[in-house]
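Quick note: residue numbers are just sequence positions, from 1. Just so you know, these numbers come straight off a predicted model, no measurement behind them.
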Amino acid sequence: MNPTDWVVLLGTMLGIAAYGTWRTRHTDNLNTYLKGNHNTGWVTIGLSVMATQASTITYLSLPGQAYENGIAFIQNYFGLPLALIIVCAAFLPIYRKLGVYTAYEYLGQRFDAKTRLLGAALFLLQRGLQAGITIYAPAIILSTVLGWRLDLTIIFTGLLVIVYTVTGGSAAVNLTQRWQMAVIFGGMLTAFLVLLSKLPGDALPIAGAMGKLQAVDFTPDFKRRYTFLSGLLGGLFLSLSYFGTDQSQVQRYIGGAALREGRLGLMFNALFKIPMQFCIVMLGALLFVFYQFQPNTPVFFNRTEWQRHAQGPQAATFRAIEEKHATLHADKLDKIRVWVAARGRGESTAEIAARKVMLEAQKASEAVRQQARDALRSADPKAKVKDSDYVFITFILTQLPHGVIGLLIAVMFASALSSKAGELNALGTTSTIDLWRHFRPLAAHDEARNVRNAKCFTALWGFFAIGFALFVSFAENLIEALNIVASIFYPALLGVFVVAFFLKRVGGSAVFWAAVAAQALVLGLFFVGKAYPTHEIGYLWLNPIGCAACVIFSLLLQAVIGTKGPRPNTEGVQ
């Protein structure tokens, strides 16, 4: 990066943070701090919802995921539009009618205190862990750009977002996310256009021939992570959980000017989320083609980690792997050109034979990349051997013009700040409303004290996320890690809300213990699958299984409890 890049980067990021802090510097009303301004329009709500979900991990990790495994991940979002329609029809009207700060307040009104606390605890646990994963992503950028230690970059980015989120609360989040999304869209569009200008004319056929463009898989296999069925059903339940029960999302749309504004904001996401994600995975597939034609394509994209060991005691081993990869990469490029030529001549038999040889060359190249990961693990068992998250940032730093590099880095930081701010704000809100005010009911009418407590909880969760990011090691691609965590803790929580909305005769005790049992079932399925891979199911299936289990267990337990339990409170249920 040169001085121009630094001016663009620092000017964009500090300007956005300062703007949000200044505009909300006098926020001392709990309602405004936690919900934002009640005149928030649907465009701001829609962008805020999208920005909270579309973190740096989306823009940094998703292209790398597509580079490695193709665009099949897009199936993960197939159930999202239907989920948002359901949220608009069933969830949002009840939240608005009851005037709650959090989704879990509704559980307390519908059931009882222990069910409310369970819902809040499940949210706090999973979103606190996800906040740590979210903060890990921008740290990758700084460590790659500056060569800084990863732990220092985690602390720096975490403290930056804590400052302006604590200062302004939900109002600051909504204001800054609108500008952050503008930076994000502009930067990603720039990267896409630059990449297209550098690609050969038959980039899409090459990507398709090498297996990167299979968007839909109709295979009825529960072990596959991404299929049409798992995306439609598992994705539906995952999106229902995220948009209907996760406070980081609920908080974005319950504070709008009217019910209509919240619904339009959600429908904005229903229309644009899949096209946006499709463009990002296509970017990853095209990056794969781009790097097939680059003579110096790295054997391992996390160059900081690779160089640290390549200059150590096992330098000879690492040099041998690099040389082998370079030789095989050049051979693969020759095979690609042979296939392209055969395809151009329309010789089907020669094309089929050339494609087979090309795929064998690709398999040999991937085997060397696996050798590189094994060598890193051998040199340092704690080494980060997952490099797909570094593919896009490598392209940015080596291929884009100066100034644009600074803009794209600003994109990553903007999305990191927006997503992290939304998460911290929701964690602080839930801790204040569902925990602090539950155990200190006399403090409910002390506005100034509640705002101070909300700010303290927001800061504490920020430090928790920093700590988690410092000490955790991710075996998965980051965007998959986020969805896996969500699929472990969301299903039982969604089941509680489904019971609350649609099963009026089920009471608090039945749904509480049903949720505990459903959570235990999901954890059991997940860890059994990890211990015995032959019994593993795709993580998206945990969502409908866990939700259905909670509903069924609730009905069975209520039948056993019968009239012995307290009469369910169905007030507010439509």
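Distance CG/Leu266 to CD1/Ile86: 12.5 Å, rounded to 0.5 Å. If you take NZ on Lys386 and CZ on Phe300, they are separated by 10.0 Å, rounding to the nearest 0.5 Å. Rounded to the nearest 0.5 angstrom, Asp112 CG and Leu118 CG are separated by 10.0 Å. The CZ atom of Arg110 sits 10.0 Å away from the CZ atom of Phe501 when rounded to the nearest 0.5 Å. Separation of atoms CG (Leu470) and CD1 (Ile154) is listed at 4.5 Å; rounding is to 0.5 Å. With rounding to the nearest 0.5 Å, the separation of CG in Asp434 from OG1 in Thr432 is 9.5 Å.
Closest approach of Ala285 to Lys212, counting heavy atoms only: CB-O, 4.1 Å. A pairwise comparison of heavy atoms in Asn543 and Phe237 identifies CB-CB, 3.7 Å as the closest pair. Minimum heavy-atom separation, Ile274 to Ile74: O-CD1, 3.9 Å. Asn483 approaches Phe73 most closely through the heavy-atom pair ND2-CZ, 3.4 Å. Across all their heavy atoms, Ala310 and Ala315 have their closest contact at O-CB, 3.0 Å. Nearest approach of Ile561 to Ser509, heavy atoms of both residues: CD1-CB, 4.2 Å.
Looking only at side-chain heavy atoms (C-beta outward), Gln519 and Ile488 come within less than 4.5 Å of each other. Ile545 has its side chain out of reach of Val522: every pair of non-hydrogen atoms, C-beta onward, lies at least 4.5 Å apart. In this structure, Phe463 and Ile466 have side chains that are in contact, with non-hydrogen atoms separated by less than 4.5 Å. Considering only heavy atoms from C-beta on, Tyr490 comes within 4.5 Å of Leu238 through its side chain. Here the side chains of Cys550 and Val496 are in contact, with some heavy-atom distance below 4.5 Å. Contact check for Leu80 versus Tyr242: no side-chain heavy atoms found under the 4.5 Å cut-off. Counting heavy atoms from C-beta on, the side chains of Leu435 and Leu117 come closer than 4.5 Å. Considering only heavy atoms from C-beta on, Glu105 comes within 4.5 Å of Arg116 through its side chain.
Side chain of Ser554 to backbone of Ala514: no donor-acceptor contact under 3.5 angstrom is found. Between the side chain of Ser365 and the backbone N or O of Ala361, no donor-acceptor pair lies under 3.5 Å. Judged by distance alone, the side chain of Gln130 and the main-chain N or O of Leu125 form no donor-acceptor pair under 3.5 Å. Of the possible polar contacts, one joining the Ser230 side chain to the Arg225 backbone as a donor-acceptor pair under 3.5 Å is found. A donor-acceptor pair is defined here as one N or O able to donate and one able to accept, closer than 3.5 Å; no such pair exists between the side chain of Gln314 and the backbone of His309. Under the 3.5 Å distance criterion, the side-chain polar atoms of Ser378 are left unmatched by any main-chain donor or acceptor of Asp374. Using modelled atom types, one side-chain atom of Arg355 and one backbone atom of Ala209 make a donor-acceptor pair closer than 3.5 Å. Counting only distance, with no hydrogens or angles, the side chain of Tyr104 and the backbone of Thr115 share no donor-acceptor pair below 3.5 Å. A donor-acceptor pair under 3.5 Å is formed between the side chain of His329 and the backbone N or O of Tyr291.
Applying the ring-ring contact (aromatic ring centres under 6.0 Å, His included) criterion to Phe290, with sequence neighbours excluded, gives Phe395. A search for ring-ring contact (aromatic ring centres under 6.0 Å, His included) contacts involving Phe218 returns Phe228, not counting sequence neighbours. Applying the side chain to side chain donor-acceptor pair (under 3.5 Å) criterion to Arg319, with sequence neighbours excluded, gives no partner residue. A search for side chain to side chain donor-acceptor pair (under 3.5 Å) contacts involving Gln75 returns nothing, not counting sequence neighbours. With sequence neighbours excluded, the residues that form a ring-ring contact (aromatic ring centres under 6.0 Å, His included) with Phe464 are Trp461. With sequence neighbours excluded, the residues that form a side chain to side chain donor-acceptor pair (under 3.5 Å) with Asp387 are Arg369.
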task = Go through Asn76 and Gln277 one step at a time and tell me if the side-chain contact (heavy atoms from CB on, under 4.5 Å) criterion holds.
result = CA-CA 10 Å; Asn76 189 53; Gln277 298 299 89; over 6 Å; no
task = Take Phe78 and Val216 through the side-chain contact (heavy atoms from CB on, under 4.5 Å) test and state the conclusion after the steps.
result = CA-CA 10 Å; Phe78 282 0; Val216 182; 4.1 Å; yes
task = Check the pair Leu427, Phe457 against side-chain contact (heavy atoms from CB on, under 4.5 Å), reporting the backbone distance first and the verdict last.
result = CA-CA 7 Å; Leu427 288 165; Phe457 279 121; over 6 Å; no
query = What do the steps show when you test Glu480 against Tyr226 for side chain to side chain donor-acceptor pair (under 3.5 Å), and what is the final call?
reply = CA-CA 11 Å; Glu480 290 187 301; Tyr226 308 113; 2.7 Å; yes
request  = Check the pair Tyr390, Ile393 against side-chain contact (heavy atoms from CB on, under 4.5 Å), reporting the backbone distance first and the verdict last.
outcome  = CA-CA 5 Å; Tyr390 292 80; Ile393 189 65; 4.2 Å; yes
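For Lys223 and Asp221, the salt-bridge test fails: no basic side-chain N is under 4.0 Å from an acidic carboxylate O. Ion pair Lys332/Glu366 not flagged as a salt bridge, since none of the NZ, NE, NH1 or NH2 atoms sits closer than 4.0 Å to an Asp/Glu carboxylate oxygen. A salt bridge does not link Arg377 to Glu305: none of the charged nitrogens lies less than 4.0 Å from a carboxylate oxygen.
Ring geometry for Tyr95 against Phe497 counts as perpendicular: the plane angle is over 60°, on a 0 to 90° scale with 30° as the lower cut. The aromatic rings of His535 and Tyr532 stand perpendicular to each other, their planes meeting at an angle above 60°, with 30° marking the opposite boundary.
Taking a 6.0 Å sphere around NZ of Lys114, one finds it holds more than 12 heavy atoms contributed by other residues, nucleotides or ligands.
Considering Phe526, Trp541, Tyr539 in turn, Tyr539 is the only one that fulfils the side chain to side chain contact (heavy atoms under 4.5 Å, CB included) rule with Ser487. Between Phe301 and the choices Trp306, Tyr67, Phe288, Phe392, the ring pair (Phe, Tyr, Trp, His ring centres under 6.0 Å) rule is met once, by Tyr67.
In the model, Ser61 has a side-chain atom that pairs as donor or acceptor with a side-chain atom of Asp389 under 3.5 Å.
Two rings, from Phe91 and Tyr106, have their centers 6.0 Å or more apart.
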